[in-house]
Amino acid sequence: MADEANKTAFVEIQGRMIETTAKLKQVQNQMRNKESEKKRAYLTLEELRQLSDDTNTYKSIGRTFILEPKPVLMNEQEKKLNDCETAIVSLQTSKEYLEKQLAEVETNLRELLQQDPGLARQIMSMAVVQKVSVTTLLLVQYSSSFLVLNPHTLLSISIQFLIFIYTLTKSCKQFGRTYKMEILNATLLSLFVLVVSFFLHFFLHHSKINEDHKLLPPGRTGWPLIGESIEFLASGWKGHPEKFIFERMSRFSPLAFKTSLMLEDVVVLCGAQGNKFLFSNENKLVQVWWPASVDKIFPSNKKAYKTQTLKMRNMLPNFFKPEALQRYVPIMDVVTQRHFADMWEGKEKIVTYELTRSFAFCLACKIFVSIDDFERARYLSGPFESIVTGILAIPIDLPGTPFRRGINAANFIRDELVDIVKQRKIDLNEGRATPTQDILSHMILFKDEADKFLEDYDIVDKILGLLIGGHDTASSTTAFVVKYLAELPEIYNGVYKEQMEIAKSKAHGELLNWEDLSKMKYSWKVACEVLRLVPPLQGTFREAISDFMYNGYSIPKGWKLYWNAFSTHKNREYFPEPEKFDPSRFEGSGPVPYTFVPFGGGPHMCPGKEYARLEILVFMHHLVRRFKWEKIIPDEGIVYNPMPGPAKGLPIRLYPHKA
Ligand code: HEM
């Protein structure tokens, strides 16, 4: 009876603990938001105080800016400051109360477990028993995989299980003898299965390929299961991903070679011809393919992928076409100025990549879902890092793996976005939001051919996809613009001259517009050369939807095809002296078609291309207007992980221009 009572008490305390922790987190977030609101109000007041009393100043209302007299703005900001202070005081009281409550709950729990060691052991062993019973499940899975003789499944299960055992052993030190034995047995079994499946892979898989596909492109499939993934990734970690491609192009064929990546048989198509073939045969011979990790992180991606993509494709141009983006240029300008004022100005040194990532994410949050609060955007950006890492990780769904963290992070962001979507629907109904305000409004109001609105979870996943698409891409390019401009003074001078001419043509405080961006021709050539040398996405996959021939080689249905930007970007046949930074390559008619492909091509070409162009140019404008800079680590390398980034984040020393 006492046992039962203790168990009930435990469940109750556990529930209280979870509830209090959640409330505490919520209050802490609210406090953070209020603190940043207060800081912004304070900084704005400081700026306003320096202006003479008769100055009119811009105030943003939604998407528009109106001129207001200084005293009105001062009053508003002072009120905001006071409101924030009051809110912070009251939140502080709630926080202290909740902290006290949490401490009390913890003490209760400790006392309960001390008073009933049996219960403590039981709780521990309940967790272990639940997990160890997976051994039985795995035995069944092993046997069924043996029956179908699928070495891939066997290998993946045994690796997953070994990692699981490792995590379990690390996280629980109180095993009795029985569990130790069970874990030992399970480990031995997994190792045995691992060895057998390697053996099976070699004999079944290779002989099958040799028999069925004698005309496959030449190449190597590498190690069982992992194939050449390690060589592929390692060439990027060492800073030369193109080596993987060029070594095989010269050893096997400059047109195509076979390999095995991401647990799949892959043919890499090379050169302009390969790019053209893949981009122009979309949905005829090939279709887009993403690794399994993407399907798990974006379940709606898997569900009728084609229809989903089609819906997205039909809808995106409304938002991303140049005419639509024009109206966002002034907003991009305001956000960029705020970013430089908050994060760069007044600093002697900065770490570039951290800041360009934060900038790209805050801008996307503002333009896609109208999140104005940079602090809130930064708070959301943490889980995004986990999602991106999860997408690129080995898809092992066990506690503690980067893949599981990616799934959890995506779920967390989804919950946040669901709230945003719900609130937006209300705001649209009540006239507090406009249909063209941002991409979220566009998505909510978009109707497909069947005159149906998108489901909430689709909207959320699409927004998530766009935020991820824009997360590490443009930020990588802006960081490398900083790198190359630091290294090449004559290029810096060219960009500076162009941007200062534009700056001088503007009235004081006038925001950039579409016309100004169309004058940034030299700056865009510089950005293109950065995209050629360091493309944020090296390439993407397609899947063969039927057997077909390519240049005399047979490509079997189901095989994956991969295009890689380096096979043209760093190919001296298309770009002489490929390592030389030379923006003049983009003069006149520019590079040969299908050779400059940082945004991919065909129906799946990056929909964010134009948005990224605006973002990069507005960033360059404000960067060179404000600063010169030098690299703190002169020989800092580039690491592809697999997205490119400066090895140490590109720390630089800033030299503001004299006013
Ligand atoms: C410098 C910046 C960027 C680069 C270099 C880049 C590059 C690419 C590439 C190479 C692809 C694959 C194309 C293919 O498979 O043929 C892609 C797809 C995509 N990008 Fe971007 N991207 C950039 C910025 C953005 C931004 C800012 C967004 C969001 C606004 C975005 C959203 C997407 C989406 C949603 C896809 C998937 C398209 C599909 O499968 O149909 N990208 N991007």
Side-chain angles (χ1 to χ4, degrees), residues 269 274-283 286-291 294 298 301 305-321 324-325 328 332 356-357 359-369 384 388 391 438-440 442-443 461-481 524 527-543 560-566 568-569 594 596-620 642-645:
L269 297 197
N275 293 343
K276 184 174 178 187
F277 181 85
L278 283 182
F279 298 153
S280 43
N281 277 301
E282 192 72 48
N283 299 330
V286 299
Q287 66 183 17
V288 159
W289 178 83
W290 290 99
V294 176
F298 295 95
N301 196 49
Y305 177 82
K306 257 199 206 161
T307 11
Q308 292 307 321
T309 314
L310 206 68
K311 273 188 193 174
M312 172 115 149
R313 281 272 157 200
N314 290 341
M315 164 187 51
L316 283 180
N318 289 340
F319 184 80
F320 283 119
K321 65 185 172 198
L325 282 172
Y328 297 103
M332 282 190 170
T356 57
R357 289 170 103 174
F359 164 64
F361 193 67
C362 290
L363 185 67
C365 284
K366 167 76 185 161
I367 305 261
F368 299 169
V369 284
F384 265 91
V388 176
I391 289 175
D438 54 19
I439 195 155
L440 178 58
H442 275 277
M443 283 194 186
D461 263 10
K462 300 305 168 223
I463 295 274
L464 194 59
L466 286 177
L467 287 170
I468 288 173
H471 192 257
D472 279 341
T473 46
S475 54
S476 156
T477 304
T478 42
F480 286 109
V481 163
W524 183 238
C528 286
E529 187 61 345
V530 172
L531 283 162
R532 180 186 71 82
L533 284 166
V534 202
L537 237 114
Q538 291 174 52
T540 52
F541 290 91
R542 304 286 191 265
E543 183 177 36
K560 309 300 175 267
L561 295 124
Y562 180 67
W563 64 270
N564 183 291
F566 286 122
T568 50
H569 285 196
Y594 296 103
F596 178 62
V597 286
F599 295 100
H604 284 281
M605 180 188 248
C606 174
K609 178 175 181 270
E610 195 56 25
Y611 169 92
R613 188 178 78 88
L614 304 184
E615 176 179 345
I616 294 166
L617 287 175
V618 175
F619 176 87
M620 286 172 85
M643 310 284 264

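Numbering of ligands and ligand atoms starts at 1, following listing order.
- Between the side chain of Glu282 and the backbone N or O of Val288 there is at least one donor-acceptor pair closer than 3.5 Å.
- Between Phe619 and Phe359, the two ring planes are tilted [angle within 30° to 60°].
- Here Arg542 has side-chain heavy atoms under 4.0 Å from ligand 1, and that is the only part of it that gets that close.
- Under a 4.0 angstrom heavy-atom cut-off, Phe541 registers as lying outside contact with ligand 1.
- When atom types are taken as modelled, the side chain of Arg532 and the backbone of His569 share a donor-acceptor pair closer than 3.5 angstrom.
- Any N or O atom pair closer than 3.5 Å counts here, and His604 shares at least one such pair with ligand 1.
- When the options Leu531, Ile468, Thr540 are ranked by their closest heavy atom to atom 15 (O) of ligand 1, first place goes to Thr540.
- A heavy-atom separation below 4.0 Å is found between Pro536 and ligand 1.
- Residues Ile367 and Met332 share a closest heavy-atom pair of CD1-CG, 3.9 Å.
- Distances from ligand 1 to the non-hydrogen atoms of Val288 include no value under 4.0 Å.
- Across Thr473, Leu614, Val530, heavy-atom proximity to atom 24 (C) of ligand 1 is greatest for Thr473.
- Taking Arg613 as the reference, Glu610 meet the salt bridge (charged side-chain N to carboxylate O under 4.0 Å, His left out) condition, with sequence neighbours excluded.
- Atom 17 (C) of ligand 1 has its nearest heavy-atom neighbour, among Ala565, Cys606, Pro607, Ala360, in Cys606.
- At a 4.0 Å heavy-atom cut-off, ligand 1 touches Tyr611 through the side chain alone.
- At a threshold of 4.5 Å between non-hydrogen side-chain atoms, the residues Phe320 and Ile439 count as touching.
- Contact between Thr477 and Val530 at its shortest, heavy atoms only, is O-CG1, 3.9 Å.
- In this comparison of Pro535, Pro598, Ala474, the heavy atom closest to atom 7 (C) of ligand 1 sits on Pro598.
- Annotation for ligand 1: atoms under 4.0 Å from non-hydrogen atoms of Gly601 are 16 (O).
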